[in-house]
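Let me begin by presenting the structure, written as structure tokens, before commenting on it.
Ligands are counted one by one from 1 in listed order, and the atoms in each one are counted from 1 as well.
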Amino acid sequence: MNNPQIAQIFNEIADMLELLNENPFRIRSYRKAAMTLEALPHEIRDLDESKWGEIPGIGKDLSAKIKEFNLTGKVRAYQELHEKIPPELLDMVQIPGLGPKTVKKLWDELGITTMAELEKAGHEHKIQKLKGLGEKIEEKILKGIELKRKYKERHGLGKTIPLAQEILSSLQQKAPISKIDLAGSLRRMKETAADIDILASSKDSKKVMEVFVKLPIVQEVLAYGETKSSILTKQGIQCDLRVVEEKSYGSAFHYFTGSKAHNIRIRQLAQEKGLKVNEYGVFREEEFLGGKTEQEVFEAVGLPYIPPELREDRGEIEAGLSGSLPDLIELSDIKGDCHIHTLWSDGSQSLEVMAEAARKRYQYAALSDHSRLVGITGGMDAETLLKQIKVIRNLAKQYSDFTLLCGIEVDIKSDGTLDMPDSALKELDLAVASVHVKFNMTEEEMTARIIKAMENPYVTIIGHPTGRLIGYREPYPVNMGKVLDAAKRTGTFMELNSFWDRLDLNDVHLRMAKEKGVKIVIDTDSHHTSHFEMLKYGVSTARRGWIEALDVVNTLPSKEFLKAIQKKRARIA
Ligand code: DGT
Ligand code: CA
Ligand code: ZN
């Protein structure tokens with residue numbers, strides 16, 4: 001049991017109650033509890049059971065449900081609700097443009113209970129005729145269905161990595177294992193994965209498999225064998241476990257890490273040397289030459305060790321052969337963060353708490369709340385910003401070992417001007433400028449809009465430059481080549497937003513940026529102290545984009561960093 005699992009159950013209960021038109025107060029209490037759990041900085045199971053009910057937003061009734069789940073792996077109330085509702089309605093709730101209220105309307109008035117029926121009704125333009133809906137929403141729903149189909153069966157890092165870590169540590173605790181590792185696309189830190197691949201070695205693989213198929217997270221056992229088993233977890237994510245002999249561990253580890261394209265290239269290199277490489281080892285004819293470690297595999301084909309994030313056959317083999325592999329950035333290289341929200345806009349914790357949490361991790365950080373334009377985020381106008389600056393500057397004085405900076409996430413309006421006057425922006429240390437509204441522009445218009453924002457001397461960084469939300473919203477159309485050229489010309493930095501459902505810029509764009517000499521800032525976009533953890537996803541994505549520490553501005557120590565962020569203003573202003 002972990003917090004996200006319980007949060008998901010509570011959210012689904014809330015969705016189902018809403019679909020059944022139940023008491024809004026009850027619905028709200030489930031949603032609030034889910035939010036609390038998602039934001040909790042520690043696992044609730046690590047607290048004493050008697051304390052669960054005291055957590056604000058949980059209470060007696062819901063803590064009893066968590067206990068039930070902890071004991072039995074089930075929540076009766078949840079299962080009973082499931083029986084009353086067609087299962088696909090819950091998937092529909094997740095589609096942009098829909099929500100429990102609209103899904104209920106479609107169910108009541110058009111009798112829609114499946115995704116296929118929903119799509120058909122959309123194509124027949126029946127949705128737009130319902131009261132309160134209309135043509136735009138119908139279009140959005142149809143787009144959402146398509147996107148959902150595209151990402152069906154693929155899961156983001158924020159879902160897979162915590163689950164994989166939980167499975168790894170349960171197996172380590174409960175099974176007789178000598179080695180265990182994450183393989184597949186997750187080890188390569190690809191932004192989405194079809195499944196979780198785990199590799200282990202053991203003297204007693206039978207026992208390992210027995211433990212694996214009985215883990216409490218198992219929903220269904222898909223395959224059960226002595227060397228390979230597969231389970232479907234309660235989260236709906238498949239996990240494969242392979243147990244191999246220790247002498248083949250390295251070659252199996254390399255093989256199952258992939259990617260397939262990379263593996264094919266390695267096999268070809270081996271063939272050219274009269275060797276054979278497969279998941280069992282490196283061979284000449286039938287003679288076993290090695291395979292205990294990945295190093296032995298790479299060495300056999302004349303390559304240095306290639307980090308997993310590069311193994312996509314995007315030039316890493318050539319770079320390895322010519323001795324020009326990049327010296328990839330590491331988590332510990334990051335010295336600061338420029339994108340942090342607080343209660344001054346849509347963050348869920350106070351400015352003081354966020355600053356203190358940032359101090360624990362970084363040498364410097366900028367608090368950067370939203371400007372006004374994004375209505376729902378409760379952003380700041382110029383007057384509020386100036387007030388906030390005073391508060392931050394005052395707080396900053398208290399720190400001797402940490403530089404607290406004043407920033408903002410300012411909206412780029414549809415004409416490319418900013419949602420804050422220069423007279424206020426110039427009081428800041430830096431500004432992240434982002435697009436949050438009016439996504440439906442042509443590529444030309446959007447490109448011009450962002451470039452116009454970069455012409456402003458006070459815009460230090462472009463935030464989440466393509467606006468995508470993985471599995472939920474496609475990037476807006478934008479000519480990245482032109483944007484990056486303008487970034488270079490104006491001395492504007494590009495953000496790599498580390499939040500697992502953004503990872504924006506993506507790996508391909510990052511590599512383009514590097515080639516053009518554009519500098520990157522890796523931010524967390526934290527809205528809660530627990531979000532600083534996102535940094536690891538950002539750094540892995542940077543590694544997938546061949547990024548080195550020297551390509552990233554916030555790897556600089558405080559003094560050099562301050563100089564770097566002042567350079568653009570000094571040049572243009
Ligand atoms: P995914 O699961 O779609 O996110 O991506 P992967 O890369 O984890 O792919 P998966 O789970 O099908 O297989 C894991 C690794 O096993 C893959 O990266 C490379 C290796 N592999 C699987 N099938 C083949 C194959 O037919 N040929 C070669 N050379 N390698 C394979
Ligand atoms: Ca996989
Ligand atoms: Zn933003």
Side-chain angles (χ1 to χ4, degrees), residues 150-157 159-161 163-164 181-199 222 228 230 237-242 244 251-271 276-280 297 308-313 338-341 345-347 368-374 376-379 407-412 419 431-437 439 450 453 461-471 473 476 495-499 501-502 504 521 523-527 531 534 544:
K150 190 168 138 198
Y151 281 101
K152 204 177 170 224
E153 320 303 337
R154 293 201 73 84
H155 317 275
L157 287 169
K159 302 223 161 118
T160 47
I161 289 285
L163 176 61
D181 283 289
L182 202 53
S185 51
L186 271 193
R187 182 167 178 234
R188 305 196 313 278
M189 293 301 274
K190 204 172 150 173
E191 59 197 34
T192 62
D195 59 2
I196 298 172
D197 297 292
I198 297 175
L199 184 72
L222 304 171
K228 187 190 165 188
S230 293
I237 299 174
Q238 185 177 328
C239 175
D240 296 351
L241 172 66
R242 291 180 184 81
V244 301
S251 27
F253 195 22
H254 178 267
Y255 180 88
F256 291 114
T257 295
S259 65
K260 203 167 155 180
H262 168 90
N263 288 357
I264 290 171
R265 294 292 307 277
I266 297 285
R267 267 207 314 262
Q268 285 168 347
L269 283 182
Q271 272 162 12
K276 194 172 82 190
V277 169
N278 58 27
E279 65 260 53
Y280 304 106
V297 176
E309 295 92 336
L310 296 184
R311 301 184 197 169
E312 299 287 349
D313 190 20
C338 302
H339 196 159
I340 297 169
H341 297 276
S345 65
D346 63 344
S368 53
D369 276 301
H370 285 283
S371 65
R372 263 304 258 297
L373 197 64
V374 199
I376 47 165
T377 63
I408 186 172
E409 184 179 14
V410 61
D411 270 280
I412 303 174
D419 185 30
V432 179
S434 316
V435 169
H436 289 115
V437 293
F439 280 31
I450 294 173
I461 302 163
I462 297 295
H464 44 73
T466 76
R468 72 164 176 177
L469 289 173
I470 297 172
R473 187 173 70 206
Y476 40 69
E495 182 179 72
L496 160 49
N497 190 299
S498 302
F499 229 91
D501 59 357
R502 287 196 182 270
D504 184 7
V521 175
D523 286 331
T524 60
D525 201 354
S526 286
H527 289 66
H531 294 163
M534 296 293 148
R544 289 181 58 82

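- Judged purely by atom type and a 3.5 angstrom limit, Asp504 uses its side chain to pair as donor or acceptor with the backbone of Thr466.
- Counting just the N/O/S atoms of Glu409, the one with the shortest distance to the Zn ion (ligand 3) is named OE2.
- Relative to the ring axis of Phe439, Arg473 does not place its NZ or CZ within 45° and under 6.0 Å from the centre.
- Closer than 4.0 Å to atom 16 (O) of ligand 1 lies at least one heavy atom of the protein.
- Checked against a 6.0 Å centroid threshold, the rings of His254 and His262 count as neighbours.
- In terms of protein heavy-atom proximity, atom 3 (O) of ligand 1 is closest to Arg154 NH1, 3.1 Å.
- Residue Asp240: no N/O/S atom is found under 3.0 Å from the Ca ion (ligand 2).
- For Asp197, the N/O/S atom at the shortest distance from the Ca ion (ligand 2) is named OD2.
- Among protein heavy atoms, atom 22 (C) of ligand 1 sits closest to Tyr255 OH, 4.4 Å.
- Side chain of Arg188 to backbone of Thr257: a donor-acceptor contact under 3.5 angstrom is found.
- Here His464 meets the criterion, with an N, O or S atom under 2.8 Å of the Zn ion (ligand 3).
- The distance from the CD atom of Gln238 to the CD1 atom of Ile196 is 9.5 Å, given to the nearest 0.5 Å.
- Near Arg188, with a cut-off below 4.0 Å to any heavy atom, the atoms of ligand 1 are 7 (O), 18 (O).
- Two residues are said to be in side-chain contact when any heavy atoms from C-beta on lie closer than 4.5 Å; Ile470 and Arg154 fail this criterion.
- Residue Thr257 has at least one heavy-atom neighbour below 4.0 Å for each of these atoms of ligand 1: 18 (O).
- Here's the thing with Ala194: one of its N/O atoms is less than 3.5 angstrom from an N/O atom of ligand 1.
- Looking at atom 14 (C) of ligand 1, its nearest protein heavy atom turns out to be Phe256 O, 3.6 Å.
- Protein heavy atoms are found inside the 4.0 Å sphere centred on atom 11 (O) of ligand 1.
- Nearest-heavy-atom check against atom 8 (O) of ligand 1 across Pro308, Ser185, Ala183, Ala193 picks out Ser185.
- Proximity to Gly184 (heavy-atom distance under 4.0 Å) selects the following atoms of ligand 1: 8 (O).
- Without hydrogens or angle criteria, Asp419 side chain to Val410 main chain gives no donor-acceptor distance under 3.5 Å.
- Not a single heavy atom of Leu186 sits under 4.0 Å from any atom of ligand 1.
- Taken to the nearest 0.5 Å, the CG atom of Asn497 stands 8.0 Å off from the OG1 atom of Thr524.
- In plain terms, the two heavy atoms of Tyr280 and Ser251 that are nearest each other are C-OG, 3.4 Å.
- For the pair Arg187 and Phe253, the distance from NZ or CZ to the six-membered ring centre is under 6.0 Å and the angle to the ring normal is within 45 degrees.
- The name of the N, O or S atom in Asp195 nearest to the Ca ion (ligand 2) is OD1.
- Here Ser259 has backbone heavy atoms under 4.0 Å from ligand 1, and that is the only part of it that gets that close.
- Counting heavy atoms closer than 4.0 Å to ligand 1, residue Asp197 contributes side-chain atoms (C-beta onward) but none from N, CA, C or O.
- Contact analysis puts Arg267 in contact with ligand 1, with a non-hydrogen atom separation below 4.0 angstrom.
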Hey, mind stepping through Lys190 and Glu309 against salt bridge (Lys or Arg N to Asp or Glu O under 4.0 Å) and telling me if it holds?
-> CA-CA 8 Å; Lys190 204 172 150 173; Glu309 295 92 336; over 6 Å; no
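- Nearest to atom 18 (O) of ligand 1 among the protein's heavy atoms is Gly258 CA, 3.1 Å.
- Taking a 4.0 Å cut-off on heavy atoms, Lys190 fails to register as neighbouring ligand 1.
- Nearest heavy-atom pair across Pro465 and Ile462 is CG-O, 3.8 Å.
- Annotation: atom 26 (O) of ligand 1 to nearest protein heavy atom, Lys260 CE, 3.3 Å.
- Restricting His436 to its N, O or S atoms, the one at the least distance from the Zn ion (ligand 3) is NE2.
- A salt bridge is defined here as a Lys NZ or Arg NE, NH1 or NH2 lying under 4.0 Å from an Asp or Glu carboxylate O, and Glu191 with Arg502 fails to meet this definition.
- Between His341 and His531, a ring centre-to-centre spacing not shorter than 6.0 Å is recorded.
- Here the heavy atom of the protein found nearest to atom 2 (O) of ligand 1 is Asp195 OD1, 3.1 Å.
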